[in-house]
2 protein chains.
Amino acid sequence: MAATSTREKIICAADLLFYQQGFSHTSFADIAKAVNISRGNFYYHFKSKDQILSAVISLRRSNTHLLLKKWELCTAQPNLRLLSFIQLLQLNQDNILRYGCPVGTLCAELIKLDHPANSDARMILTLYRTWLRRQFSALGHKTQADNLALHLLTQSQGIATLASAFNDRTYLSRQILLLQQWLDKLLNQETIPVS
Amino acid sequence: MAATSTREKIICAADLLFYQQGFSHTSFADIAKAVNISRGNFYYHFKSKDQILSAVISLRRSNTHLLLKKWELCTAQPNLRLLSFIQLLQLNQDNILRYGCPVGTLCAELIKLDHPANSDARMILTLYRTWLRRQFSALGHKTQADNLALHLLTQSQGIATLASAFNDRTYLSRQILLLQQWLDKLLNQETIPVS
DNA sequence: TGATTAATAGGACATATGGCCTATTGTTTA
DNA sequence: TAAACAATAGGCCATATGTCCTATTAATCA
């Protein structure tokens, strides 16, 4: 946190502000103030706002990749790895309640802006999708792996959207519990796909 | 479309633009151009951008209310009414693929802007929630009515988010089908709640 | 018809913002 | 130490935008 370069500090601050305020609504001045840097110094590190966005998305992709790798290294069993994904909602519940899902809301915003970085942001979702698919596949759900992955993604996006819209912690907790139960039921009832 | 007042035209154009481009990213000039009106004339009808937003949200709430009333009048059976809700995703699939859910994305944006109209926008979701709850309740699911309503809302929000993020029509169609199957299964297996 | 009001157009203005330049300071290196 | 480079500060500029004012035109009504 302290020993990072200015460039890294800018990216981190932008990452947070883009999440909290949205990309459009975050100005150079906002980021500069957060990093305690003059606005002029900005241009030395980033030539445009789009470059900052690009760096932020890169960081998020990298962080997501690392997180998924960590789950793989720390947890050998795919079913427990899937549980880690669900528990991420619990871990980030405070932020989710206030700002929704960082990935989903960014994608939604960039789509409306018709921003070129749109496809880069989508890649973060694809990272999750592919990883989840691999876990389901390893659990024997070969043909349904992608559908199951999409189900988890769909659920988490819907949950994050409603949790923040209603600002309802009870709802969020309950949905996380239901997701865990769904996973339990799926994995205990049929280790090998039926159809 | 032709015989509407200028004020109504402004609200309609703003409604569409807020959906397509987002609230922040839509300027007075954008709306004025869409309605073919000078920017100065704007102030005669709306004193601020927030007033336009307020009017747009009012319109959406009113339209939602009318839609739900229509479903109630046209369809006597609650299970078919619930089907109407699901089929709304199908009916609006082109827009959903491009811009996501109008309600969900507006709520998400207003939350990040920390906009006072945030709670008004949320009311649209509440309209759906209450209506869905009543239908489930009428079908005998007294205790689970609200949870089932939230499940449908969660699903549709998640589906809209991913459908637009991935821009994947196949995904959207499949999720709609799964929702319909879920409803069928729920209503056929147990007309009266088990627990 | 004349007067009053409704509606519209066009522009003015302050502010915010992204983008950019230059001078200055700090650091490294030959 | 002197030179070269990295990093930073502060300000300038064009544009966009929300807000607001005034003059003009259209519509209504006594």
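Per chain, numbering begins at 1; letters A, B, ... match sequence-line order.
A/Asn167 and B/Arg122 are not linked by any side-chain donor-acceptor pair at a separation below 3.5 angstrom, with hydrogens and angles left out of the test.
Remark: B/Arg129 qualifies as a cation-pi partner of A/Phe166 under the 6.0 Å distance and 45° angle criteria applied to the six-membered ring.
One N or O on the side chain of B/Glu8 and one on the backbone of B/Ser5 form a donor-acceptor pair closer than 3.5 Å.
How far OG1 of B/Thr105 is from CD1 of A/Ile111: 9.5 Å, rounded to the nearest 0.5 Å.
Between the CD1 atom of B/Ile31 and the P atom of D/dA16 there is a distance of 17 Å, given to the nearest Å. In this structure, A/Lys33 atom NZ and D/dT8 atom C1' are separated by 20 Å, rounded to whole Å.
For A/Tyr43, no side-chain nitrogen or oxygen approaches OP1 or OP2 of C/dG19 to under 4.0 Å.
Between A/Trp71 and A/Trp131, the two ring planes are tilted [angle within 30° to 60°].
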Nucleotide-resolved protein contact map, nucleotides 5-17 of chain C, B/S/- at heavy-atom distance under 4.0 Å: -SBBBBBB----S
